[in-house]
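Before any comments, here is the structure.
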Number of protein chains: 2
Amino acid sequence: MQSKYPAGRLPDPPSPIADDGDETHFCGTCAFSSACIAAGYHKPELAALQCLVEHVGPFRAGEHIFRTGDPFRAIFAVRSGTVKTRMVDKEGREQVLGFYLPGEVIGLNAIYPEHFPCDAVALDTTFFCRFSFPAMSALASRVPAVQQHLFRMLSKELGTASLLAGDHSADERVAAFLLDLASRYAARGFSATRFHLSMSRGDIANYLRLAAETVSRVLSRFRAQKLISIEGRELELLNPGRLREIGQTLLRE
Amino acid sequence: MQSKYPAGRLPDPPSPIADDGDETHFCGTCAFSSACIAAGYHKPELAALQCLVEHVGPFRAGEHIFRTGDPFRAIFAVRSGTVKTRMVDKEGREQVLGFYLPGEVIGLNAIYPEHFPCDAVALDTTFFCRFSFPAMSALASRVPAVQQHLFRMLSKELGTASLLAGDHSADERVAAFLLDLASRYAARGFSATRFHLSMSRGDIANYLRLAAETVSRVLSRFRAQKLISIEGRELELLNPGRLREIGQTLLRE
DNA sequence: GGCGGCAATTGACCCGGATCAAGGCACGCC
DNA sequence: GGCGTGCCTTGATCCGGGTCAATTGCCGCC
């Protein structure tokens, strides 16, 4: 949970505002950076992006960004930290829908119902860019690159949602989960072989539709086979190739 | 490639062109009807919808509408018949992603990858409206109602994709599956208690991540409990209330 | 330092659903 | 008619992972 800038620069929110740009260019890791690049930063329409974005945070571990049933007004791009989304049925059982890393966007599944269908909970200290959705839609009408980017983000999330659906063994699920995290960290410029698991074993298990004990056993077995090194939540992938073999049916199919 | 007029005019495809409108108003069951209504049918911009839509079909049971890897150029609204989408991994194992009924849209998950990530296969004789996606995007920029409708369709599919994810018993899955079909038929004006299952037990099982034998056993048990009446693929829901109790954790959660 | 609470690990046992296998039924084809 | 071919159903067996339970380690707090 460290900023990539020297810690001394930021006094109070002590660490984690990740890789941010200046007022003109926003975050290098921002979920919308590719839209801006496609449209050209200089375009006057993009000045509107600066007006409709709002930096919010910090949220501490366990705090809600939004709750099931809240009216939908905005989507949130994670700037730093990690978020889980989840549904809680009326018996109180939790169902983890996904984990979101810096540069990723939460709230897209609320457009249609117009209310958030799930909770979003910070797993560690977390900051966001908040985009008013009505303003975003209006901007999308004027700037095709923004519209296209929204379509693509929605469509992309459709693809990932169908991944977990298959019936796969515990080993396949865990291997694919670790590799998925690795590639998402890598896409944002972080290490693809060493990273911190912000979520508990229970959250991982819930997300993968396994019992926490099973996740623990699989991780222990992977460690015994020298595929990974794991101590608490600090993870290193020692043999990504073999992990990819194990998880591959789940990774592309 | 058939037109959409009263069945008597068409010698060969004997039956199934559902509830259709005229040249001005398109299908009453059309996936875009609400967008048109919101914008007002008379708006000149909507004349463009008529230009970019193309009626295609019939496809016979087993024929592909598109295949994995085909370049993405259009989305397809089912006019009549039923479609399954599926992925096939390199070991040849099939994974059913969803079933699509008249009025529903396939192909949205191809926007981001720009190639279809799955196959679409007709389960019976099927007709479509084909919407060129580039043209659709361009139209969406000019007609906010069309853009909003696309956002909503994408977001809605995100919601349904997460339903199957949970770990639920075979009874819960089957009950929820039957009720989901019922409500989707009802939404398009068909009977919510009697309908035909266009897909095989194997397809249902695959979609629900069960074995075909398990689906067969659950249906037999439901019949013994007088919850349903089923003969081959003809289904009647005798006790939707009880089915709802059984499937409810999966239906909303 | 000692205590309490939570997360993680590990072991023992059990069950739901997968798998294997055997038939039944409806269809089209020769 | 006889036969093959899917599709469906039903029975018997097995196993992966869930559940229950005990233990350990870690960390914050009094």
Side-chain angles (χ1 to χ4, degrees), chain A residues 1 60-62 82 84 91 93-96 121 123-124 164-178 196-225 228-235 246-247 249-250, chain B residues 60-62 82 84 91 93-96 121 123-124 164-178 196-225 228-235 246 249-250:
Chain A
M1 196 188 311
R60 302 293 172 190
T82 312
K84 71 171 172 184
E91 286 85 19
R93 289 175 306 191
E94 180 176 2
Q95 167 90 256
V96 174
V121 183
L123 293 178
D124 43 30
L164 259 290
D167 64 327
H168 298 284
S169 72
D171 284 17
E172 289 173 322
R173 284 169 194 269
V174 173
F177 173 72
L178 298 179
H196 178 81
L197 298 172
S198 313
M199 65 296 287
S200 71
R201 301 290 192 275
D203 282 338
I204 296 172
N206 189 308
Y207 173 66
L208 297 178
R209 320 309 162 195
L210 297 169
E213 293 91 330
T214 302
V215 171
S216 192
R217 274 185 259 266
V218 172
L219 290 175
S220 296
R221 187 156 5 100
F222 283 177
R223 176 171 45 202
Q225 299 168 208
I228 63 173
S229 147
I230 188 165
E231 194 178 326
R233 298 187 178 182
E234 294 305 321
L235 177 72
I246 294 172
T249 66
L250 206 147
Chain B
R60 302 293 171 188
T82 312
K84 72 172 173 183
E91 285 85 19
R93 288 175 307 192
E94 180 176 1
Q95 166 91 255
V96 174
V121 182
L123 294 177
D124 43 30
L164 258 291
D167 64 327
H168 298 283
S169 72
D171 284 17
E172 289 173 324
R173 283 170 194 268
V174 174
F177 173 72
L178 298 179
H196 178 82
L197 298 173
S198 315
M199 65 295 288
S200 71
R201 302 290 193 274
D203 282 338
I204 297 173
N206 189 308
Y207 174 65
L208 297 177
R209 320 307 161 198
L210 297 169
E213 294 92 329
T214 303
V215 170
S216 191
R217 274 185 259 266
V218 172
L219 290 175
S220 297
R221 187 156 4 101
F222 283 177
R223 176 172 44 201
Q225 298 167 209
I228 63 173
S229 148
I230 189 166
E231 195 179 324
R233 297 187 178 182
E234 293 306 320
L235 177 72
I246 294 172
T249 64
L250 206 147

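All heavy atoms count here, side chains included; hydrogens, waters and symmetry mates do not. Below, chains carry the letters A, B, ... as their sequence lines are ordered, and counting in each starts from 1.
- Phe222(B) has its CZ atom 14 Å from the P atom of dT9(D), to the nearest Å.
- In this entry the distance linking CG of Asp167(B) with P of dG17(D) reads 13 Å, nearest Å.
- Remark: P of dG17(D) and CG of Leu219(A) are 14 Å apart, rounded to the nearest angstrom.
- Under 3.5 Å, the side chain of Arg201(B) and the base of dG6(D) form no donor-acceptor pair of N or O atoms.
- Only one option out of Ile204(B), Asn206(B), Val96(B) pairs with Met199(B) in a side-chain contact (heavy atoms from CB on, under 4.5 Å); it is Ile204(B).
- Distance, Ile204(A) CD1 to dA8(C) C1': 11 Å, rounded to whole Å.
- The side-chain heavy atoms of Ser200(B) and Arg233(B), taken from C-beta on, include a pair separated by under 4.5 Å.
- Of the side-chain N and O atoms in Ser200(A), none sit less than 4.0 angstrom from OP1 or OP2 of dC6(C).
- Atom pair Glu172(A):CD and dG17(D):C1' shows a separation of 14 Å (rounding to whole Å applied).
- One can place NE2 of His168(B) at 17 Å from P of dG16(C), the figure rounded to the nearest angstrom.
- Rounded to whole Å, atom P of dT9(C) lies 11 Å from atom CD of Glu213(A).
- Residues His196(A) and Thr82(A) have side chains not in contact (no heavy-atom distance under 4.5 Å, counting atoms from C-beta outward).
- Considering only side-chain N and O atoms, Arg209(B) lies nowhere under 4.0 angstrom from the phosphate OP1 or OP2 of dG17(C).
- Neither OP1 nor OP2 of dA7(C) sits under 4.0 Å from any side-chain N or O of Arg233(A).
- In this model, the phosphate group of dA18(C) is approached by a side-chain N or O of Thr214(B) to a distance below 4.0 Å at OP1 or OP2.
- Along DNA chain D, the nucleotide nearest to Gly202(B) and the one nearest to Ala211(A) differ in position, and the one closer to the 5' end is contacted by Gly202(B).
- No salt bridge links Asp124(A) with Arg60(A); every basic N to acidic carboxylate O contact stays at or beyond 4.0 Å.
- Following rounding to the nearest Å, Arg93(B) (CZ) and dA18(C) (P) show an atom-to-atom distance of 14 Å.
- Salt bridge absent: Arg223(B) and Glu231(B) never bring a charged side-chain N and a carboxylate O closer than 4.0 Å.
- A donor-acceptor contact under 3.5 Å is formed by the side chain of Arg217(A) with the base of dG11(C).
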